[in-house]
Amino acid sequence: MSGTGNEQARKAAEGLAYSAGFGNEHSSEAVPGALPEGRNSPQRAPLGLYAEQLSGTAFTEPRHSNRRSWLYRIRPSAAHPPFTRTGNGRLASAPFADAVPDPNRLRWDPLPEPAERTDFLAGLWTLGGNGDVTQRTGMAVHLYAANASMTDRVFSDSDGELLIVPERGGLLLRTEFGLLRAEPGHVALIPRGVRFRVELLDATARGYVCENYGQPFVLPDLGPIGANGLANARDFLAPVAAYEDPDATAGPVEVVNKFCGNLWTATYDHSPLDVVAWHGNLVPYVYDLRRFNVIGSISYDHPDPSIFTVLTSPSDTPGLAGVDFVVFAPRWLVGEDTFRPPYFHRNVMSEYMGLIEGAYDAKSAGKGGFVPGGGSLHNMMSAHGPDRDTFDKASAAELKPQKVDDGLAFMFETRWPVTATEQARTAGHLQTRYDDVWQGLERHFRQPRP
């Protein structure tokens with residue numbers, strides 16, 4: 001994208017207004033009087049608009065979990081030509097039948113910079129996943145590296161909702177519901193089927209994407225924590241209505257749809273981002289991870305990482321998530337007689353961890369280590385924990401109050417093993433000697449004297 005294009009995106013991203021609250025019944029109109037009063041689908045919608053419902057859940061799901069929004073648009077979504085298959089690029093979907101799940105611990109450096117002009121969609125690179133898109137179960141881990149904005153094209157994902165985690169470079173997300181600005185340290189959540197375009201606020205952008213095939217993300221229950229804590233609903237920001245007038249949009253627009261694992265494309269003679277007003281609870285969000293209210297131990301022991309859960313996709317088993325999104329945000333460590341970094345463990349869940357900035361308190365940073373833009377995969381029951389250097393330092397550290405604020409890490413945790421794609425298993429940025437970080441953990445056992 002040219003410098004002028006970046007400037008245009010930055011100007012559009014300045015001073016955006018939002019509507020606050022996760023799961024709220026939001027409403028917004030870009031033109032006064034565009035929302036009908038007292039009904040959703042009047043005989044003639046206001047201002048000559050078309051009324052259309054977008055359902056993210058089945059009509060008959062319980063009210064507390066039902067997701068839908070009503071859109072009032074210039075042209076109905078049904079007015080489009082046929083879609084045809086197009087290449088998937090480096091994007092893949094479950095089931096990953098051409099690969100064998102690997103019990104080994106794996107870690108990657110950041111994605112290489114794209115050599116050619118690459119936008120967000122073209123820059124998506126699938127690391128792996130589980131489940132089956134046709135059964136709406138499981139998830140996939142993608143990364144992206146881009147150096148250009150999406151111009152004259154729009155993307156939607158029929159297979160799942162997208163949790164976008166920028167690591168470098170800000171993004172302007174133009175959605176059917178309006179505009180969102182997502183900088184490193186933020187996450188953006190795009191519901192299944194919502195059309196959007198990604199414009200870069202900087203020369204390059206890089207980050208992570210969790211594609212959730214299963215139940216939509218919700219805030220986790222708090223249990224004994226009580227009524228407050230973790231991610232606060234009011235800190236999730238939804239866009240306000242902003243539309244592109246189809247008659248004022250120059251040239252055709254390519255609309256790319258991901259459906260049952262493949263990409264399909266159609267050329268529209270108008271922009272589909274033409275929603276003038278909307279209301280409902282199926283909306284995109286942006287959330288600042290630094291607003292996460294960390295709950296931790298103020299006595300002893302390192303709590304289980306579940307206390308860092310921002311969003312969860314429930315499964316049919318209570319407490320067992322299709323995928324959890326977890327953040328390791330700035331926090332104080334004060335535990336007495338406690339090994340303060342995350343402990344050694346084996347887990348029935350599978351964990352993909354990424355790093356947004358700085359360093360993670362259980363791994364060494366720098367070349368060949370766990371670095372921003374990189375990631376690690378620890379599948380179910382694979383033994384992992386602090387590396388040797390971290391263990392040695394933490395075992396000898398003076399246990400005074402310690403502020404952990406030099407890094408921002410996250411985790412996609414899922415109930416099923418993550419099968420890595422062929423491109424991930426053979427990537428040049430795969431760290432082939434990751435196991436070495438645990439070498440040199442010496443025997444300290446001493447038999448007590450009788």
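Predicted model only: the values in this text are computed from it and were never measured.
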Colleague: With ring pair (Phe, Tyr, Trp, His ring centres under 6.0 Å) as the rule and sequence neighbours excluded, what pairs involving residues 120-149 come up?
Modeller: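 Matches after skipping sequence neighbours: F120-Y144, W125-H429.
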Colleague: Under 3.5 Å, is there a donor-acceptor pair between the N130 and T414 side chains?
Modeller: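 N130 vs T414: donor-acceptor pair found between side chains.
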Colleague: Determine the sole option in F292, F410, F370, Y360 for which the ring pair (Phe, Tyr, Trp, His ring centres under 6.0 Å) test with F328 is passed.
Modeller: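 Testing each of F292, F410, F370, Y360 against F328, the sole residue satisfying ring pair (Phe, Tyr, Trp, His ring centres under 6.0 Å) is Y360.
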Colleague: So which pairs with a foot in residues 179-201 pass ring pair (Phe, Tyr, Trp, His ring centres under 6.0 Å), sequence neighbours left out?
Modeller: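 Passing the test, one end in residues 179-201: F155-F196.
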Colleague: If we count only N and O atoms by modelled type, under 3.5 Å, do the side chains of H279 and H26 hold a donor and an acceptor together?
Modeller: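 No.
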Colleague: Would E211 and K258 pass as an ion pair if we require N to O under 4.0 Å?
Modeller: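 Looking at K258 together with E211, the answer is yes, because their closest N to O distance falls below 4.0 Å.
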Colleague: Have N379 and S350 got a donor and an acceptor in their side chains that come within less than 3.5 Å?
Modeller: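 Side chains of N379 and S350: pair found under 3.5 Å.
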Colleague: Do D324 and T312 have a side chain donor and acceptor closer than 3.5 Å?
Modeller: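 Looking only at side-chain atoms, T312 and D324 do form a donor-acceptor pair, the distance falling under 3.5 Å.
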Colleague: Between N147 and E113, do the side chains contain a donor N or O and an acceptor N or O under 3.5 Å apart?
Modeller: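 No, N147 and E113 have no side-chain donor paired with an acceptor closer than 3.5 Å.
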Colleague: Does the side chain of L408 come within less than 4.5 Å of P330's, by heavy atoms?
Modeller: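 Heavy-atom side-chain distance check passes, below 4.5 Å.
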Colleague: Could you check whether F259 and W264 have their ring centres less than 6.0 Å apart?
Modeller: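 No, too far apart.
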Colleague: Do N66 and E61 get their side chains close enough for a donor-acceptor pair, meaning under 3.5 Å?
Modeller: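 No pair is found: no donor N or O on one side chain lies under 3.5 Å from an acceptor on the other.
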Colleague: Got Q135 and Y213 here, is their nearest side-chain heavy-atom distance under 4.5 Å?
Modeller: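 No, their side chains stay 4.5 Å or more apart.
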Colleague: Quick check: does any side chain N or O of S315 sit under 3.5 Å from a backbone N or O of T317, one acting as donor and the other as acceptor?
Modeller: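 A pair under 3.5 Å: yes.
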Colleague: Does the N232 side chain pair with the main chain of R234, one donor and one acceptor, at a distance under 3.5 Å?
Modeller: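 Answer holds: no.
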Colleague: If we ignore angles and hydrogens, is there a donor and acceptor under 3.5 Å between the side chains of D304 and Y343?
Modeller: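 Yes.
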Colleague: Does a donor on one side chain and an acceptor on the other come within less than 3.5 Å for N88 and N262?
Modeller: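 Result is yes, a qualifying pair exists.
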Colleague: Is it true that the side chains of E254 and T265 contain a donor and an acceptor less than 3.5 Å apart?
Modeller: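 Their side chains do contain a donor-acceptor pair, which is all the 3.5 Å distance test asks for.
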